[in-house]
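Here the structure is laid out as structure tokens; the discussion comes afterwards.
Note that the structure is a prediction, hence the values are computed from the model and not measured. The figures here come from the full heavy-atom set of this structure, side chains too, leaving out hydrogens, waters and symmetry mates.
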Amino acid sequence: MIEIVKRESVRKKDGPIVTMSHMDYHIIFRVIDLMGQIEMDDEELSFLLGKPNNYVFSFIANPNDKNKFKSDQVNLLPYLLNCYCTDVYANDCPKGNIQLFHSQKIENDEEKGFSHIIYDSNGKGTRIIWTKKKNEKL
């Protein structure tokens, strides 16, 4: 299961690592949150989308790239996540782009993941951390 952590960041703002649309980022964020609510892991969702096991977490959630769900996948997400369309993509999502700063890969003995910082219009940063436990090797 993927865990999401938000905490205030005191790091100074550099140039963005990735700029992507607010809607694409919102969909990725909501999918990760919804998977946690129904206790679905990313490998199961990747399989249901017809993709390799590491597709959702290692490819889509990776903030070092502009990857996003394709339109045919987005149409399946409400059905696969047992939710309403508005749970995945909301009408109140801001227009324009979002910039992700200070993106890092996280890897240790127990977990792996990604982190990045998003700054609001006042310059206050929030670090977003997406991690999941490593699978035990048999």
Side-chain angles (χ1 to χ4, degrees):
M1 183 142 359
I2 301 172
E3 182 181 335
I4 300 173
V5 176
K6 292 183 183 181
R7 62 178 183 223
E8 188 175 334
S9 174
V10 293
R11 198 169 194 186
K12 296 213 187 296
K13 189 174 178 178
D14 285 349
I17 301 295
V18 171
T19 300
M20 65 190 315
S21 78
H22 269 285
M23 182 58 82
D24 289 338
Y25 183 80
H26 176 81
I27 291 171
I28 293 168
F29 196 91
R30 289 297 301 144
V31 166
I32 290 172
D33 187 43
L34 290 165
M35 285 185 338
Q37 290 177 23
I38 63 171
E39 298 183 5
M40 175 187 284
D41 67 13
D42 62 301
E43 292 182 359
E44 183 178 357
L45 183 59
S46 296
F47 173 79
L48 293 171
L49 291 170
K51 298 294 182 181
N53 282 348
N54 62 355
Y55 179 76
V56 172
F57 189 71
S58 297
F59 185 72
I60 297 293
N62 185 346
N64 292 320
D65 211 345
K66 291 185 190 181
N67 301 319
K68 60 184 178 182
F69 288 105
K70 307 291 184 232
S71 58
D72 60 330
Q73 297 167 337
V74 170
N75 293 335
L76 286 173
L77 290 173
Y79 174 74
L80 297 175
L81 298 170
N82 194 27
C83 64
Y84 297 106
C85 293
T86 54
D87 292 334
V88 176
Y89 29 90
N91 290 333
D92 62 351
C93 185
K95 294 180 181 179
N97 294 325
I98 189 167
Q99 296 179 329
L100 310 180
F101 296 85
H102 306 289
S103 177
Q104 297 175 348
K105 187 175 184 177
I106 299 168
E107 184 118 20
N108 58 43
D109 293 339
E110 296 92 33
E111 61 187 13
K112 62 182 178 178
F114 307 100
S115 72
H116 57 279
I117 298 175
I118 298 173
Y119 292 95
D120 64 14
S121 57
N122 299 324
K124 180 182 174 195
T126 302
R127 179 166 292 279
I128 309 294
I129 304 168
W130 293 332
T131 58
K132 75 175 209 170
K133 293 193 184 312
K134 286 187 174 179
N135 292 337
E136 292 183 29
K137 295 182 181 178
L138 301 174

Problem set entry | From Leu80 atom CG to Asn75 atom CG, the distance as rounded to the nearest 0.5 Å | 11.0 Å
Problem set entry | Tyr55 side chain reached by Ile60 side chain, heavy atoms, under 4.5 Å | yes
For this session: Give a yes or no on whether the backbone of Lys124 and the side-chain of Asn122 come within a donor-acceptor separation of less than 3.5 Å.
Result: no
For this session: Verify the neighbour count for atom CG of Asn82: are there more than 12 heavy atoms of other residues, nucleotides or ligands below 6.0 Å?
Result: no
Problem set entry | Heavy-atom closest pair, residues Ser58 and Asn62 | O-CB, 3.4 Å
Exercise. What closest approach, in Å, do Ile17 and Pro63 show between heavy atoms, and which atom pair accounts for it?
Worked result: CG2-O, 4.5 Å
For this session: Specify whether Phe114 and Phe57 have parallel, tilted or perpendicular ring planes, treating 30° as the upper limit for parallel and 60° as the lower limit for perpendicular.
Result: tilted
Exercise. Is the shortest heavy-atom distance from the side chain of Ser115 to the side chain of Ile106 under 4.5 Å?
Worked result: yes
Problem set entry | Minimum side-chain heavy-atom gap Ile118-Leu100 below 4.5 Å | yes
Exercise. Which heavy atom of Ser46 sits nearest a heavy atom of Val56, and at what distance?
Worked result: OG-N, 3.1 Å
Exercise. Is Tyr84 reachable from Val88 through a run of I, L, V, M, F, W or Y residues, each pair having side-chain heavy atoms under 4.5 Å apart?
Worked result: no
Please tabulate, one pair per line, all N/O donor-acceptor pairs under 3.5 Å involving side-chain atoms of residues 18-27, not counting sequence neighbours.
| unit_1 | atom_1 | unit_2 | atom_2 | d |
| --- | --- | --- | --- | --- |
| Ser21 | OG | Asp24 | N | 3.0 |
| Ser21 | OG | Asp24 | OD2 | 3.1 |
| His22 | NE2 | Asn97 | O | 3.2 |
| Tyr25 | OH | His116 | NE2 | 2.7 |

Problem set entry | CZ/Phe29: more than 12 non-hydrogen atoms of other groups inside 6.0 Å | yes
For this session: Could you list all the side-chain hydrogen bond (donor to acceptor under 3.5 Å, both in side chains) pairs where at least one residue sits in residues 29-43, not counting sequence neighbours?
Result: Arg30-Asp33, Asp33-Gln37, Asp42-Lys132, Glu43-Asn135
Problem set entry | Any Met35 side-chain heavy atom under 4.5 Å of Glu44 side chain | no
For this session: Could you tell me whether the side chain of Leu49 reaches within less than 4.5 Å of the side chain of Leu45, counting heavy atoms only?
Result: yes
For this session: Check Arg127 against His102 and note the closest heavy-atom contact, atom names and distance.
Result: NH1-O, 3.5 Å
Seminar exercise, completed: CZ (Phe69) and CD1 (Ile28) are apart, to the nearest 0.5 Å, by 6.5 Å
